[in-house]
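Lettering of chains follows the sequences in order, A, B, ..., and the numbering in each one begins at 1. Owing to the predicted nature of the structure, the values given are computational and were not obtained by experimental measurement.
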Protein chains: 2
Amino acid sequence: MYISVMVSPSPIAVKVWTRLIRAHSKALSGVEAQLKKARLPPLSWYDILLELERADTGGLRPYELQNKLLLPQYALSRLIERLASKGFVERASCNDDGRGQLLKITAKGRKIKEQMWVVYGPAIEQHIDQKLPEAELKTLSDLLEKIAR
Amino acid sequence: MYISVMVSPSPIAVKVWTRLIRAHSKALSGVEAQLKKARLPPLSWYDILLELERADTGGLRPYELQNKLLLPQYALSRLIERLASKGFVERASCNDDGRGQLLKITAKGRKIKEQMWVVYGPAIEQHIDQKLPEAELKTLSDLLEKIAR
DNA sequence: CCAATATAAATGCAACTGCATCTATATTGG
DNA sequence: CCAATATAGATGCAGTTGCATTTATATTGG
């Protein structure tokens with residue numbers, strides 16, 4: 001008598017795995033390259049500026065940003081330092097928590113974010129919109145969401 | 001009279017973009033963490049060992065590997081150096097091209113690759129197989145392929 | 001209230017990456 | 001055949017990342 005054996009992982013899962021890596025790598029490195037060519041900051045800066053802009057006048061604490069962006073603590077600490085050194089964010093000390101600080105986007109930060117979008121937006125269009133019709137994008141979005149869950 | 005304006009990119013494309021990044025980041029960093037915890041080499045080593053194993057006795061030239069793996073030349077050069085220093089690959093000088101070398105996986109290389117798969121395989125199962133039924137994996141695989149094209 | 005513990009953020013150091021360049025060998029056009 | 005150019009691969013250097021630890025302030029249990 002034969003017993004069915006669990007193979008780990010399934011061939012289709014391996015295919016999804018490799019294609020996820022490929023798709024990500026192609027799209028991401030494409031966009032990063034376009035930003036670099038335009039002498040603009042890397043994508044990670046955009047993410048931070050976006051969150052800070054959303055937070056508006058309230059600002060955000062670094063650890064809040066960390067949760068939103070899923071970065072390691074030290075990585076964010078250093079990103080913020082670079083952003084601050086360019087004048088794109090402001091660090092104010094936090095009056096209800098002496099350990100912390102409150103981050104806010106500056107006018108200069110808003111401006112660079114906008115300039116980045118001029119490259120970033122069309123790059124997404126090129127790497128995503130132009131590859132699939134809307135219905136398939138919808139499907140893909142749902143499936144990726146489940147993978148990331 | 002109103003003229004329809006191209007928005008760049010579409011909202012659904014932006015969603016796919018962010019979810020692609022999330023899904024990749026969650027799955028990848030999960031697997032890398034598991035490998036590290038098992039004190040095994042990083043994923044990039046596996047890719048190289050896999051290609052060299054497929055090439056078997058014929059071996060591969062670095063530039064061939066580079067094409068398969070889409071790595072920058074200097075990155076591969078250094079990866080190979082590390083792999084060689086651990087005895088996982090062998091570099092032989094190439095007799096039909098004095099500039100080049102021929103890479104082969106060693107017995108030790110095959111062994112570490114196998115040990116990595118013990119962690120890697122189940123990790124893929126956990127991060128991919130267990131998230132979606134087979135039919136959806138098939139769909140996802142096709143869609144990702146189109147994105148990467 | 002204070003000692004123990006937890007949390008926010010920074011940082012020293014080693015490893016890794018990206019860029020530009022360099023060396024060595026191959027190929028090609030005159 | 002040789003000078004010019006192209007290709008294979010390595011490497012110096014500066015910038016970045018990961019890890020572990022440190023500093024400073026908050027919180028918590030006795």
Dot-bracket pairing map - DNA chain D, Watson-Crick plus G-U, both contacts under 3.5 Å, | cross-strand: ||||||||||||||||||||||||||||||

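In this structure the side chain of B:I128 never reaches within 4.5 angstrom of the side chain of A:I12, judged on heavy atoms.
A heavy atom closer than 4.0 Å to some atom of DNA chain D occurs in B:R91, B:R99, B:G100, B:Q101, these being the qualifying members of residues 81-103 of chain B. Applying a 4.0 Å cut-off to non-hydrogen atoms, none of the residues of residues 26-34 of chain A approaches DNA chain D. Residues from residues 38-55 of chain A that place a heavy atom under 4.0 Å from any atom of DNA chain C: there are none. Non-hydrogen atoms lying under 4.0 Å from DNA chain D are contributed by B:R61, B:P62, B:Y63, all within residues 56-71 of chain B.
Distances shown here put a side-chain N or O of A:S77 below 4.0 Å from the OP1 or OP2 atom of C:dA10.
For the pair B:I80 CD1 and D:dG9 P, the interatomic distance rounds to 8 Å; values are reported in whole Å. One interatomic measurement links the two molecules: NZ of A:K37 to C1' of C:dG18, which rounds to 17 Å at whole-angstrom precision.
With hydrogens and angles disregarded, no donor-acceptor distance shorter than 3.5 Å links the side chain of B:E136 to the backbone of B:P133. Side-chain N or O atoms of A:T106 include one that pairs as donor or acceptor with a backbone N or O of A:F88 at under 3.5 Å. In terms of modelled atom types and a separation under 3.5 Å, the side chain of A:R61 and the main chain of A:L103 share no donor-acceptor contact. A donor-acceptor contact shorter than 3.5 Å is absent between the side chain of B:D129 and the backbone of A:P9.
For A:K138, the salt bridge (charged side-chain N to carboxylate O under 4.0 Å, His left out) test picks out A:D142, with sequence neighbours left out. Under the rule for a side chain to side chain contact (heavy atoms under 4.5 Å, CB included), the partners of B:R149 that lie at least two apart in sequence or sit in another chain are B:E145, B:K146. Applying the side chain to side chain donor-acceptor pair (under 3.5 Å) criterion to A:S141, with sequence neighbours excluded, gives B:R19.
Heavy-atom minimum distance, A:P41 versus A:L35: O-CD1, 3.8 Å. Minimum interatomic distance between A:E125 and B:S8 (heavy atoms only, all atoms of both residues): OE1-OG, 2.9 Å. The two residues A:A23 and B:A148 make their nearest non-hydrogen contact at CA-CB, 3.8 Å. Counting all heavy atoms, side chain and backbone alike, A:G59 lies closest to A:L102 at C-CD1, 4.0 Å.
In summary, A:R54 and A:E51 engage in a salt bridge, as defined by a charged side-chain N under 4.0 Å from a carboxylate O.
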Please output the side-chain donor-acceptor pairs of residues 65-84 of chain A that fall under 3.5 Å, not counting sequence neighbours, one pair per line with the distance.
residue, atom, partner, partner atom, Å
A:N67, ND2, A:Y63, O, 3.4

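Screening residues 100-110 of chain B for salt bridge (Lys or Arg N to Asp or Glu O under 4.0 Å), with sequence neighbours left out, gives B:E53-B:R110, B:D56-B:R110. Evaluation of the salt bridge (Lys or Arg N to Asp or Glu O under 4.0 Å) test over residues 22-47 of chain B, restricted to residues two or more places apart or in two chains, returns none.
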Nucleotides 19-21 of chain D: which of its N/O atoms have a protein N/O under 3.5 Å away?
residue, atom, partner, partner atom, Å
D:dC19, OP1, B:K36, NZ, 2.8

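Residue A:N95 holds its CG atom at 10.0 Å from CG of A:D97, rounded to the nearest 0.5 Å.
Heavy-atom contacts from other residues, nucleotides or ligands closer than 6.0 Å to CD of A:Q115 number more than 12.
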